[in-house]
Amino acid sequence: MTSTSARPSQNVMRPEKDRFLARENPFEEMMSRFDDAAQRLGLEPNLYRILRTPEKQIIVACPVMRDNGEVEVYTGYRVIYNTSRGPAKGGIRFDMNVTLDEVKALAAWMTWKCAVVNLPFGGAKGGVICDPASMSNTEIERLTRRYTTGIIETLGPDSDVPAPDVNTNERVMAWVMDTYSMHKRHTVTAVVTGKPVAMGGSLGRREATGRGCMFVTREALKKLGRSAQGTRVAVQGFGNVGSIAAELMAKQGMTIVAVSDKSGGIYNPKGLDLAEVLAHVKANKVLQGYKGAEAITNEELLTLDCDVLVPAALENVITEENAPHIKARIICEGANGPTTAEADKILNDKGIFVIPDILANAGGVTVSYFEWVQDRGGYFWDEETVNQRLERIMVNSFDEVTAMAEKHKVDNRIGAYMLSIDRVAAVHRLRGMYA
Ligand code: GLU
């Protein structure tokens, strides 16, 4: 056998250089897990090479007229990772920390995420390097329209369907839909998901990611023989995912002891009054200054004495430095990529039950799928139907991931990767190699 036709060995798949890079490069960080799962699945080297590489990477310059009359040129990316199972699906983020490697990693994650919950989608992600907090609404609108126009060839209900992500929302999706539709000369609602309900959005989409986190946490508690009553939860990130997850978990009887946002965190071991916290955020935009609890840092929140930790903010917050001090029994990853590969090993040794991102936060893309189906069918479901169907998919997927992990004696993350890579690979085999 030549080296190219041999089964991938640990050496071939994880060169020392990549393991080093993994600490700094989000794509390599994701790939280190992919390699582990691919190795255990005995993935053929040819498929391994295909699945390790994004299908398409687009970089666009987005000139935008600032309100003061000056033109600023922003850089935007859209990475289509894999479309073997269906149209590419994944959000668009507006953030100063966006890099091509990050977008590549996030696009790959979307591929595995859609496959974990068995949606007929591939994976993609988009990002624009910008600081939306320092831009006016009209500047953000112009940027959105220019970026959409820049990547318009890839977009379409059958090819690539964006959604909200970090710092983008329903309003941004409405502009994407309008820009695309103006170019096509007719209204195409199914080109984006996470739109306002009035223009083809789905009921329950806004809450879907947080709701999905609640469902899988509830299942994890059941599996560990614990009751929701008295379970203490700390949530990092109080945006769309974290705040909804906290509210819905509280409704299940759990006690939310801490939440945080960019401005810092708040902690009350007896439980926070979420209605009051939300009212404070509505009035002040940030958690800072909330009087009914002790102020803590984001870092302190991660190692609090609690039962469930929900990192629902950004990547790489659980690291080899803080992982040894985490006291939670369950981690529900609301964010994409909150745990580094090094930290994973430590959490495993400590016996922490991790619900990995590609399962834990898949509720959002699941209801995006429902939205796309409703748009294409032109027939809309009531909220109860959306939530029931979401629950069924999240609970089934939780069971499938944990069964895979148990069968192969791996942690839940590798179990989730194995399940999803196997599904993507199966379709590639059926479709054949056009190579
Ligand atoms: N941005 C979300 C995610 O990371 C949603 C993607 C979508 O709905 O397409 O899963």
Side-chain angles (χ1 to χ4, degrees), residues 56 58 60 62-65 74 76-80 83 86-95 98 103 106-107 110 114 119-128 130 132 135-209 239-240 363-381 383 386:
K56 197 184 283 182
I58 306 170
V60 285
C62 309
V64 172
M65 179 82 75
Y74 298 91
Y77 305 103
R78 183 79 182 163
V79 174
I80 313 295
T83 57
K89 190 81 193 77
I92 296 169
R93 61 173 58 179
F94 287 171
D95 196 71
V98 165
V103 180
L106 290 160
M110 285 310 302
C114 290
L119 308 179
F121 283 143
K125 202 77 167 200
V128 180
C130 65
M135 297 166 75
S136 69
N137 279 336
T138 49
E139 288 170 344
I140 293 174
E141 177 176 352
R142 286 197 289 275
L143 174 61
T144 305
R145 290 186 184 281
R146 194 61 212 249
Y147 169 71
T148 304
T149 307
I151 62 166
I152 203 150
E153 286 91 347
T154 172
L155 300 180
D158 291 315
S159 52
D160 181 13
V161 186
D165 200 77
V166 174
N167 294 331
T168 56
N169 54 18
E170 291 178 6
R171 190 166 44 180
V172 172
M173 295 308 113
W175 292 325
V176 173
M177 182 278 218
D178 181 68
T179 308
Y180 181 84
S181 298
M182 294 312 285
H183 282 266
K184 292 288 158 192
R185 316 302 295 149
H186 63 101
T187 294
V188 187
T189 52
V191 69
V192 281
T193 59
K195 301 178 292 292
V197 171
M199 54 180 283
S202 177
L203 292 168
R205 173 61 185 87
R206 196 185 305 159
E207 299 81 11
T209 313
N240 179 248
V365 74
T366 300
V367 177
S368 276
Y369 165 58
F370 296 162
E371 180 171 332
W372 178 81
V373 168
Q374 292 171 79
D375 287 342
R376 290 169 70 107
Y379 180 72
F380 290 85
W381 316 344
E383 195 163 350
V386 170

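We use all heavy atoms of the structure for the numbers below, so side chains are in, but hydrogens, waters and symmetry mates are not. Since we're looking at a predicted model, the values are computed, not measured.
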Query raised in the report: Which heavy-atom pair separates Val191 from Gly156 by the least distance, and what is that distance?
Result: CG2-N, 3.7 Å

Query raised in the report: Taking atom types as modelled, is there a side-chain donor on Ser368 or Arg205 under 3.5 Å from an acceptor on the other?
Result: yes

**Report entry** Side chain proximity check, Pro63 to Arg146, heavy atoms < 4.5 angstrom
**Finding:** yes

Query raised in the report: CE of Met173 to OG1 of Thr144: how many Å apart, nearest 0.5 Å?
Result: 7.5 Å

Report summary line: Shortest non-hydrogen pair, Val386 vs Leu203, comes out as CG1-O, 3.4 Å

Query raised in the report: What pair of heavy atoms forms the shortest contact from Ala190 to Val161, and how long is it?
Result: O-CG1, 3.6 Å

Query raised in the report: So does Met182 have more than 12 non-hydrogen atoms from other groups sitting under 6.0 Å from CE?
Result: no

Query raised in the report: With a 4.5 Å heavy-atom cut-off, do Ile58 and Val79 have their side chains touching?
Result: no

Query - Ser159 side chain to Thr154 backbone, donor-acceptor under 3.5 Å - result: yes

Query raised in the report: What's the shortest heavy-atom distance between Ala124 and Arg78, and which atoms?
Result: CB-NH2, 3.6 Å

Query raised in the report: Are Ser181 and His186 close enough that some pair of their side-chain heavy atoms sits under 4.5 Å apart?
Result: no

**Report entry** Sequence-distant partners of Phe370, ring-ring contact (aromatic ring centres under 6.0 Å, His included), two or more places apart
**Finding:** Trp381

**Report entry** Verdict with reasoning, Met177 to Val188, per side chain to side chain contact (heavy atoms under 4.5 Å, CB included)
**Finding:** CA-CA 7 Å; Met177 182 278 218; Val188 187; over 6 Å; no

Report summary line: Nearest heavy-atom contact between Pro87 and Pro120 is CD-O, 3.6 Å

Query raised in the report: Going through the checks in order, is the side chain to side chain contact (heavy atoms under 4.5 Å, CB included) test met by Arg171 and Asn137?
Result: CA-CA 10 Å; Arg171 190 166 44 180; Asn137 279 336; 3.3 Å; yes

Query raised in the report: For the side chain of Lys89 and the backbone of Pro162, is there at least one donor-acceptor N/O pair under 3.5 Å apart?
Result: yes

Query - Spacing of Thr209 atom OG1 and Asp165 atom CG [to the nearest 0.5 Å] - result: 9.5 Å

Report task. Working to the nearest 0.5 Å, report the span between OG1 of Thr187 and CG of Asp375. Result -> 11.5 Å

Query raised in the report: Are Tyr147 and Val64 side-chain neighbours, meaning at least one heavy-atom pair lies under 4.5 Å?
Result: no

Report task. Determine, for Glu371 against Lys195, whether the closest basic-nitrogen to carboxylate-oxygen distance falls under 4.0 angstrom. Result -> yes

Requested in this report: Could you tell me whether a side-chain N or O of Thr83 sits under 3.5 Å from a main-chain N or O of Ala88, the two making a donor and an acceptor?
Outcome: no

Report task. Report yes if some heavy atom in the side chain of Arg93 is under 4.5 Å from a heavy atom in the side chain of Leu106; otherwise report no. Result -> yes

Requested in this report: With sequence neighbours excluded, tell me which residues meet side chain to side chain donor-acceptor pair (under 3.5 Å) with Ser202.
Outcome: Gln374

Report task. Identify whether the distance between the nearest side-chain nitrogen and carboxylate oxygen of Lys125 and Asp160 falls below 4.0 Å. Result -> no

Query raised in the report: Do the side chain of Tyr74 and the main chain of Val60 share a donor and acceptor less than 3.5 angstrom apart?
Result: no

Report task. For Thr148 and Thr179, test the side chains for any donor-to-acceptor distance below 3.5 angstrom and give the result as yes or no. Result -> no

Query raised in the report: So do Met110 and Val365 actually touch side chain to side chain, heavy atoms under 4.5 Å?
Result: yes

Query raised in the report: How long is the gap from CG on Leu155 to OG1 on Thr149, to the nearest 0.5 Å?
Result: 9.5 Å

Report task. Taking all non-hydrogen atoms of both residues into account, name the closest pair between Ala163 and Thr168 and its distance. Result -> O-OG1, 4.4 Å

Query raised in the report: Just how far is it from atom OG of Ser136 to atom CZ of Arg142, taken to the nearest 0.5 Å?
Result: 6.0 Å

Report task. Give a yes or no on whether the backbone of Phe94 and the side-chain of Asn167 come within a donor-acceptor separation of less than 3.5 Å. Result -> yes

Query raised in the report: Do the side chains of Val128 and Val98 get nearer than 4.5 Å, heavy atoms only?
Result: no

Report task. Rounded to the nearest 0.5 Å, what's the gap from CG on Asp178 to CD on Glu141? Could you check? Result -> 8.0 Å

Report task. Could you check if a side-chain atom of Cys114 sits within less than 4.5 angstrom of a side-chain atom of Tyr369, using non-hydrogen atoms only? Result -> no

